[in-house]
J.: 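Below is one structure. I have some questions about it.
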Amino acid sequence: MEAERARHWQEAWARAGLSTGQRIPGRGKFYALNAYPGTSGFLHVGHLRGYVYPDALHRYHRMLGEQVLFPFGIHASGLPAVTYAQKVKDREEQTVRQLSEEGVPKDEWSRLEDPETAARFLGESYRRVLRSIGVLVDEATYLTTVDEDYRAFIRWQFHALQAAGGLVQGAYFASVCPVCGPVAVDPSETDLSSGGTAEVVRFTTVPYRLDDGRILLTATLRPETVYGVTNLWVAPGEVLVVWHHGEHSYLVSRTAAARLVEQHGGRVGHPVPASELVGRNVAVPLRGGLVPILESALVDEKVGTGVVMSVPAHAPADAAALAELPEATRAPLGAPPVLLEVSPDATLTASERELTGGTGTPAERALRAMGVRGRTDAAALTEATERLYRLEFVRGTMTVADLRGVPVREARDRVVQRLTAEGSCFELQEFSIPVLCRNGHEVVIRRVPDQWFLRYSDPAWKASTRQIVDRLRTSPSEYGRELQGILDWFQDRPCTRRGRWLGTPFPLDPDWVIEPIADSTFYMAYFVVRRFVATGRLTTAQLTDAFFEFVFRGTGPGEPSVDRALQEEVRTEFLYWYPLDYNIGGKEHKRVHFPVFLYTHALLLPPELAPRGIFVNGWITGATGGKLSKKEIGGKRGIQVPTMRDALHRWGPDPLRLYHVVAASPAQDVEWDSDVVDSAAERLRDVERLAQETRGDGDGPPELDAWLLTTMHRTVAAVRSAYDATDLRSAAELTYVTIPSILRRYYARGGAPGRATDRVGRAWVRLLSPITPHLAEEVGAGRVEGLVAAAPFPAADEFPLVEAAEVREAYLDRVEEDLRAVLRPAAERGERPPAEVVFFVAEPWKAEVERWLREGLARGETPTVREVVDRGAAHPEVAAHRTEVAKYVQRVLPLLRSEPPEGPKALDELAALRAADAYLVRRLGFQSVRVLRESEAESMDPRNRRERARPGRPAFYFVRPDEAPAGG
RNA sequence: GCAGGGGUGGCCCAGCUUGGUCAAAGGCGCCAGGUUGAGGUCCUGGUCUCGUAGGAGUUCGUGAGUUCAAAUCUCACCCCCUGCACCA
């Protein structure tokens, strides 16, 4: 459909005010929204998925006669807009290209160098996209999270969270650029120039005391192995420095000293060449005893503290380094102590068992298993290390000192506690790979002592959140289970940050800005208020804490400057739309946004206002699997993904909408495929034609019409239950695939457009509306009063239910299938179709016998021929066919086992076949059809086929074209 | 490792909760026939193997089990994806 036609309908919906849901007391409502988008750039076709689902649901509910609220806003908070503005400023290639494609005049670009302006600008572009594909959002709700009224709301939200005990201050390790301030380290690298995939490594430092009182600080991931230390390692030529902390002086590498100062304070002192220390002894903590300091190139001064505690029995690298030493150095160290054992082979997986074969210390076995050739065989050594660490951590049990029998994972915590009690045990965090800020500075991990957190670990708060999850409807349903697991490990989250990003200043301490996830957990409630602000009935100044307390929680006197009646009205409005029916969002929200959204509702509102549902949709992915990458968008036709603009031009809104619904189940990711959109477009053309053709005023054959209407009854019921279960894909399949095939069958069976198809057509038009609203209006014009989008959704009861008609069609289906099965081999050999087919309909006694047999099988018995014959003696009709009964039982009994237990429904087969003769003739190419009772057909059945007849499965005999027509 | 998801016919994707009507929906691709100026659209049929009468055999990651009956239930194993934390 051309864009102009689409716009015509979009304007008609707008004029009719369809998108503005009104509170109508007593009338049902549906309130769902899409987790609002961030502002990192223009929307592309993949984003549509997240809007098509909610729009279809809202349209469905609107047609059910419910009042709907579908708000829309944009999430300007955080860094995306800042980054985007920076890209504009840098005139970054991709960004500039998009701006020209979107037709933004060059003299406006400089305006977009301001983050807030950029965010609003992008927001407007999103609104245009939504309108252009027919998504009906309530325009009055539109907001950005940097609007003043929204900020007032967020201030209240944090005061309320504070009052409810949801906030706490504590220490936190943050990634910061020493120059630019806090940065996010994540693979999207919004803030970074490299290192986004870095992981944070948490070392524990273990102190080793020299006889002069100075302390060598080693860093380890496995503090429990302190019991197996044989020596310390320093790098050849390394220069350590003194780190002064408290009353102690520690020796560490220069990089480590800098990190320790960031994370634990203190100051860096004078350098100390490591060579001075080599050969001296240090005291081992906890275990006691002295071990020597040795040199090895295995030490990397950039990692940890630049001093390594050597545990050769359990660390493959240490074992390899040790093996390089001259015998004279090595011998005095003695045999490396083994300090833990892993559970017996039987409980290990194959890959774990691989590590444990052979003899020697665990480290030696791992080296052998991985085929490590020496200390410099880095890849194999890393593999051996990681696998052995994992194995021992998961399966190991300590065998030393008073930790005997303690699982390693537990022993580690205990050792840390003991070391901490003795002092000089620090947590040292660093990145696994270097991380560089956009401006080229190295990002470090800094301890922030007074970070604000939301107390998501609080047991009571967590418990009330769980209660919401217990009652929550989720799509997919597994997500409900997953959520419980997510809550298990959900910990406190920092909710503020210092530094440059967009957001609301933290009301309890304006030095901080609220973090973007924390300011988007409760906005569903604010949208209701926003409508009053948008229409000028409330001003931002009136949005005080007192006002919100009253509106959202019904407590307190309210805001004195606001008219009491108005305040009551806002409160009533809030209670009308709440609770939220669905929060709909992409799968990226599963672990953060959705949980905190539930948390906040659990704390601020009573359970009866808790959210009712969460709907998770998958992504549209590019050929590379991940989210659509930039280079995949806007490329040439075909393989790559078209821009929003191109897509609309090429297909129009409805094929895109249908594509997003049918391409996969909602939760599935789906790889973008233009061909599938093409075929969706084809299908819609087909649907349009078929729907137009349904007009008519004649009557078809009554049985056939009955079947058509009955089938529609079933289909409409199925469509409604699919929508009710938010199963849009099934709804679409029924609407766009099943209904066309029903109509085709109707025509094939001899029906013609008439009153019956007209009824189907008028309902179908309305069924089309939620997913392809423009098409529905095109086809519905003149057939549905007013706009289709505002018409009532069809009800199953609009169509009569005639079971006999269904039974008959199912019977004919089965007969046709049998005929085809038999005719196929002959047709494949190129033979002409038979001249005539003669049907033999089973005698009633067969039905009786089958019924007896089924009864027996249902009881778990296997009826014998004798039993049936005996029982038949008392039944005149069966008795009359005594000889045939035995044979019939033998033939049919095995078949019955694999058939459905109910058996075929009663039906006048003779009449059904006779009424369908013209159809069968046309369909299968016979010249004539004859239908007879089994008992009256002897002369017509030279091959004796009539015995085969069963209830519901007539026997038949084909008369070849060259055979003389049988007599009678 | 833990948690969640998944492995279905040439491909994509349903079905699995509530075992039977499942040789398994739908789409794509492919084959044949009809329509057509046309290898395009549309319509009809076919598309695991065998079979000159509606039948039989072998299939839903692998192996075992429960059952009269398993793609569907149970157990074990193999493989793949995602997340594991502050990132929107």
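Remember, it's a predicted structure, so these values are computed and weren't measured experimentally.
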J.: Taking only residues two or more places apart in sequence or in another chain, which ones pass side chain to side chain contact (heavy atoms under 4.5 Å, CB included) with A/Thr711?
T.: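 Listed in chain order: A/Trp707, A/Thr715, A/Ile742.
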J.: Please tell me which of A/Phe490 and A/Glu733 maps to the more 5' nucleotide of RNA chain B, matching each residue to the nucleotide holding its nearest heavy atom.
T.: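 Between the two, 5'-proximity favours A/Glu733.
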J.: Would you please test A/Phe956 and A/Phe840 for ring-ring contact (aromatic ring centres under 6.0 Å, His included) and show each step?
T.: CA-CA 6 Å; A/Phe956 43 81; A/Phe840 308 105; 9.0 Å; no
J.: Considering only B/G54, B/C87, B/G26, which nucleotide approaches the side chain of A/Val737 most closely?
T.: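 So the side chain of A/Val737 is nearest to B/G26.
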J.: How far, in whole Å, is B/G9 from B/U17 if one measures between their C1' atoms?
T.: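 Per the computed distance, 25 Å lies between those C1' atoms.
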J.: If you only use heavy atoms from C-beta on, which nucleotide in B/C87, B/A88, B/G54 is closest to the side chain of A/Pro516?
T.: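 Minimum distance to the A/Pro516 side chain belongs to B/A88.
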J.: What nucleotide among B/C42, B/G54, B/C86 has an atom nearest to a side-chain atom of A/Pro494?
T.: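 Between B/C42, B/G54, B/C86, the one nearest the side chain of A/Pro494 would be B/C86.
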J.: List for me each residue that meets side chain to side chain contact (heavy atoms under 4.5 Å, CB included) alongside A/Asp678, sequence neighbours excluded, and say none if there are none.
T.: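 By the side chain to side chain contact (heavy atoms under 4.5 Å, CB included) rule, A/Asp678 matches A/Arg650, A/Trp651, A/Asp675.
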J.: Would you mind telling me which of B/G54, B/C86, B/A88 lies closest to the side-chain atoms of A/His75?
T.: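 My answer, after comparing the listed nucleotides, is B/A88.
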J.: So which nucleotide from B/C42, B/G54, B/C86 ends up closest to the side chain of A/Glu515?
T.: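 Of the options given, the side chain of A/Glu515 lies nearest B/C86.
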J.: Just compare B/A88, B/A85, B/A53 and give me whichever is closest to any side-chain atom of A/Gln491.
T.: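 Closest of the options to the side chain of A/Gln491: B/A85.
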J.: Would you please confirm or rule out a distance under 4.0 Å between OP1 or OP2 of B/C43 and any side-chain N or O of A/Arg744?
T.: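 So the side-chain polar atoms of A/Arg744 do come within 4.0 Å of the phosphate oxygens OP1 or OP2 of B/C43, strictly under.
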J.: Does A/Asp492 reach a base, just sugar-phosphate, or nothing at all? Heavy atoms under 4.0 Å.
T.: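 Answer is base: heavy atoms of A/Asp492 come under 4.0 Å of a base.
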J.: A/Arg814 or A/Arg202: which one's nearest nucleotide on RNA chain B is closer to the 5' end?
T.: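 Upstream on the strand: A/Arg814.
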J.: At their closest point, which heavy atom of A/Ala119 faces which heavy atom of A/Thr39, and how far apart are they?
T.: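 The pair with the smallest heavy-atom distance is O-CG2, 4.0 Å.
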J.: Between B/U41, B/G54, B/A53, which nucleotide has the shortest distance from any of its atoms to the side chain of A/Tyr957?
T.: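 Nearest nucleotide to the side chain: B/A53.
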J.: Please state whether the phosphate of B/C42, meaning OP1 or OP2, lies under 4.0 angstrom from any side-chain nitrogen or oxygen of A/Arg683.
T.: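 No, because none of the side-chain N or O atoms of A/Arg683 sits under 4.0 Å from OP1 or OP2 of B/C42.
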J.: How is A/Phe956 classified with respect to the nucleic acid when contacts are heavy atoms under 4.0 Å: base, sugar-phosphate, or nothing?
T.: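 Counting heavy atoms under 4.0 Å across all strands, the contact made by A/Phe956 includes a base.
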J.: With sequence neighbours excluded, tell me which residues meet salt bridge (charged side-chain N to carboxylate O under 4.0 Å, His left out) with A/Arg948.
T.: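 Partners of A/Arg948 under the salt bridge (charged side-chain N to carboxylate O under 4.0 Å, His left out) test: none.
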J.: For RNA chain B, what are the stems built from at least three Watson-Crick or G-U pairs in a row, each pair having both distances below 3.5 Å?
T.: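 RNA chain B forms these stems: B:1-7 with B:78-84, B:10-12 with B:26-28, B:29-34 with B:42-47, B:48-50 with B:55-57, B:61-65 with B:73-77.
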J.: Using side chain to side chain contact (heavy atoms under 4.5 Å, CB included) as the criterion, list what pairs up with A/His593, not counting sequence neighbours.
T.: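 Only A/Ala35, A/Ser520, A/Tyr523, A/Met524, A/Asn583, A/His589, A/Phe597 meet the side chain to side chain contact (heavy atoms under 4.5 Å, CB included) criterion with A/His593.
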J.: Would A/Phe42 and A/Tyr126 count as a close aromatic pair, with their ring centres under 6.0 Å?
T.: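 Not close enough - the centres of the two rings lie 6.0 Å or further apart.
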J.: Taking only N/O atoms, report every protein-nucleotides 3-10 of chain B pair under 3.5 Å with atom names and distance.
T.:
{"from": "B/G4", "atom 1": "O2'", "to": "A/Glu482", "atom 2": "OE1", "distance (Å)": "3.2"}
{"from": "B/G5", "atom 1": "OP1", "to": "A/Arg481", "atom 2": "NH1", "distance (Å)": "3.0"}

J.: Who are the salt bridge (charged side-chain N to carboxylate O under 4.0 Å, His left out) partners of A/Glu482, not counting sequence neighbours?
T.: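 Applying salt bridge (charged side-chain N to carboxylate O under 4.0 Å, His left out) to A/Glu482 gives A/Lys590, A/Arg591.
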J.: Taking the C1' atom in each of B/A14 and B/C28, what is the distance between them to the nearest angstrom?
T.: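 Looking at atom C1' only, B/A14 and B/C28 are 15 Å apart.
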J.: Among B/A88, B/G54, B/G45, which nucleotide has an atom closest to any side-chain atom of A/Arg820?
T.: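 Of B/A88, B/G54, B/G45, B/G45 is nearest to the side chain of A/Arg820.
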J.: A/Phe958 side chain: which of B/A53, B/C43, B/G54 is closest?
T.: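 That would be B/A53.
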J.: Using the test side chain to side chain contact (heavy atoms under 4.5 Å, CB included), find all partners of A/Tyr389 that sit at least two apart in sequence or belong to another chain.
T.: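 A/Arg222, A/Ala315, A/Thr385.
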J.: B/G26 P sits how many Å from A/Leu728 CG, rounded?
T.: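 So the CG-P distance, A/Leu728 to B/G26, works out to 21 Å.
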J.: Kindly point out which of B/C43, B/C86, B/A85 is positioned nearest to the side chain of A/Asp686?
T.: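 Nearest to the side chain of A/Asp686 among the choices is B/C43.
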J.: Going by salt bridge (charged side-chain N to carboxylate O under 4.0 Å, His left out), name the residues that satisfy it together with A/Asp686, two or more places apart in sequence or in a different chain.
T.: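 Salt bridge (charged side-chain N to carboxylate O under 4.0 Å, His left out) check on A/Asp686 returns A/Arg689, A/Arg744.
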